Amino acid sequence: MTVRSDRSRPRGRSLFWITLLFIGGWISLRIIYVSPFIASYDIANFTLAVTDYDLADLRPHFPGYPFFILLANVFLPVTTAVKSLGLVSTLGLASALLPLYLLFRRHAYDTTRLIAAFTVLSTASLVTFAATGMSDGLALGLLIWYGWSIERARHQIRRWLPYLLFGLLMATRLSYAPFGFMLLILLWQVRKDYWQLLSECALLLLAQLAWLLPVAFSVGG
């Protein structure tokens, strides 16, 4: 039994890397074919906001999606504004493969869980949203990272990370606010440690103010 297990490990590892290579190729194709078209009124506002951010003039509409727009500016020197939005959304969604796989994984080089994670993220509607320049792809990616960080924080690993990721999530798509209830799990854990409870509540508040205040001050240019 031991010999058979040892022989199966290299095969399992090879299959894992082959699967990962296939997924990498698929993601590369999605990046290449990001939509260059402005397909809706919202995408038009997002596109204008990349080069001329002004919440008062609905570029974009409230709450401003500052993290999404900020990341789009990173790609602006090498592509158009609308494609930079699609790149951010596509890459944001693709990045969620790692935390989703880690949540599913039961042992090293778990090919089955890697395929399961990829299947979730390759749903046609999600891929389409991500490619068209909306913030949904990046938001979903952040949501999965946030869920993974909650699980880690429950075991006292980087307890500050969920509060930071929730701030970035709100700066990307405010409609995901109900997922903030997951932070109650962490706060309930430290309910008897008043100093820890106060510090984590303060961190939650600061993570929100970090994007709310710049957006508020930018209204009207």
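In what follows, every heavy atom counts, from backbone to side chain, and hydrogens, waters and symmetry copies are set aside. Note that the numbering runs from 1 along the sequence shown for the chain. Worth saying up front: this structure is predicted, and the values here are computed from it rather than measured.
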Is any side-chain heavy atom of [X] less than 4.5 Å from a side-chain heavy atom of [Y]?
X    : Y    : result
L186 : Y163 : yes
L183 : Y146 : yes
D42  : P60  : no

Residues passing the side-chain contact (heavy atoms from CB on, under 4.5 Å) test with L71, sequence neighbours excluded, are F67, V88, L138
Minimum-distance pair of heavy atoms, taken over all atoms of [X] and [Y]:
X    : Y    : result
G141 : A96  : CA-CB, 3.7 Å
A207 : L164 : CB-CA, 4.4 Å
A131 : R30  : CB-NH2, 4.2 Å
P63  : L55  : C-CD1, 4.1 Å
A139 : L169 : O-CD1, 3.3 Å
F166 : F179 : CE1-C, 4.1 Å

Just verifying a value: how many Å separate [X] [atom1] and [Y] [atom2], rounded to the nearest 0.5 Å?
X    : Y    : atom1 : atom2 : value
T47  : D52  : OG1   : CG    : 12.5 Å
T119 : F104 : OG1   : CZ    : 9.0 Å
I144 : L100 : CD1   : CG    : 5.0 Å
L187 : L197 : CG    : CG    : 6.0 Å
I23  : I18  : CD1   : CD1   : 12.5 Å
Y41  : H61  : OH    : NE2   : 9.0 Å

* Is there a side-chain contact (heavy atoms from CB on, under 4.5 Å) between I69 and Y53 once you walk through the steps? -> CA-CA 8 Å; I69 301 301; Y53 189 92; 3.9 Å; yes
Donor-acceptor pair, side chain of [X] and main chain of [Y], under 3.5 angstrom:
X    : Y    : answer
D57  : R59  : no
S89  : G137 : yes
S199 : Q196 : yes

Same apolar cluster: [X] and [Y], side chain cutoff 4.5 Å:
X    : Y    : value
L103 : L142 : yes
I157 : I150 : no
V127 : I32  : no
F37  : L87  : no
L140 : L98  : yes

### Task
Please determine, by modelled atom types, if R173 and S135 share a side-chain donor-acceptor pair under 3.5 angstrom.
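Side chains of R173 and S135: pair found under 3.5 Å.
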May I ask you to check whether W26 and S122 show a side-chain donor-acceptor distance below 3.5 Å?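 Checked: W26/S122 side chains show no N/O donor-acceptor pair below 3.5 Å.
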Residue from V34, L91, L85 passing side chain to side chain contact (heavy atoms under 4.5 Å, CB included) with F75
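Among V34, L91, L85, the one meeting side chain to side chain contact (heavy atoms under 4.5 Å, CB included) with F75 is L91.
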Between R154 and R159, does a side-chain contact (heavy atoms from CB on, under 4.5 Å) hold up when you go through it step by step?
-> CA-CA 8 Å; R154 286 180 57 246; R159 285 189 64 92; over 6 Å; no
| request: Please lay out, stage by stage, how L204 and Q208 fare under the test side-chain contact (heavy atoms from CB on, under 4.5 Å). | output: CA-CA 7 Å; L204 173 60; Q208 300 307 317; 4.3 Å; yes
Item to complete: Specify whether F68 and F46 have parallel, tilted or perpendicular ring planes, treating 30° as the upper limit for parallel and 60° as the lower limit for perpendicular.
Response: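 Taking F46 first and then F68, their aromatic rings stand perpendicular (interplane angle over 60°).
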Count the heavy atoms of every other residue, nucleotide or ligand shown that sit under 6.0 Å from OH of Y176, and state whether that count exceeds 12. yes
- Query: More than 12 foreign heavy atoms under 6.0 Å from CZ of R106: is that the case here?
  - Reply: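 Open.
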* To do: Take I115 and F118 through the side-chain contact (heavy atoms from CB on, under 4.5 Å) test and state the conclusion after the steps.
  => CA-CA 5 Å; I115 294 173; F118 173 67; 5.6 Å; no
Q. Charged N to carboxylate O below 4.0 Å: is that the case for R105 and D110?
A.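 No, this pair does not count.
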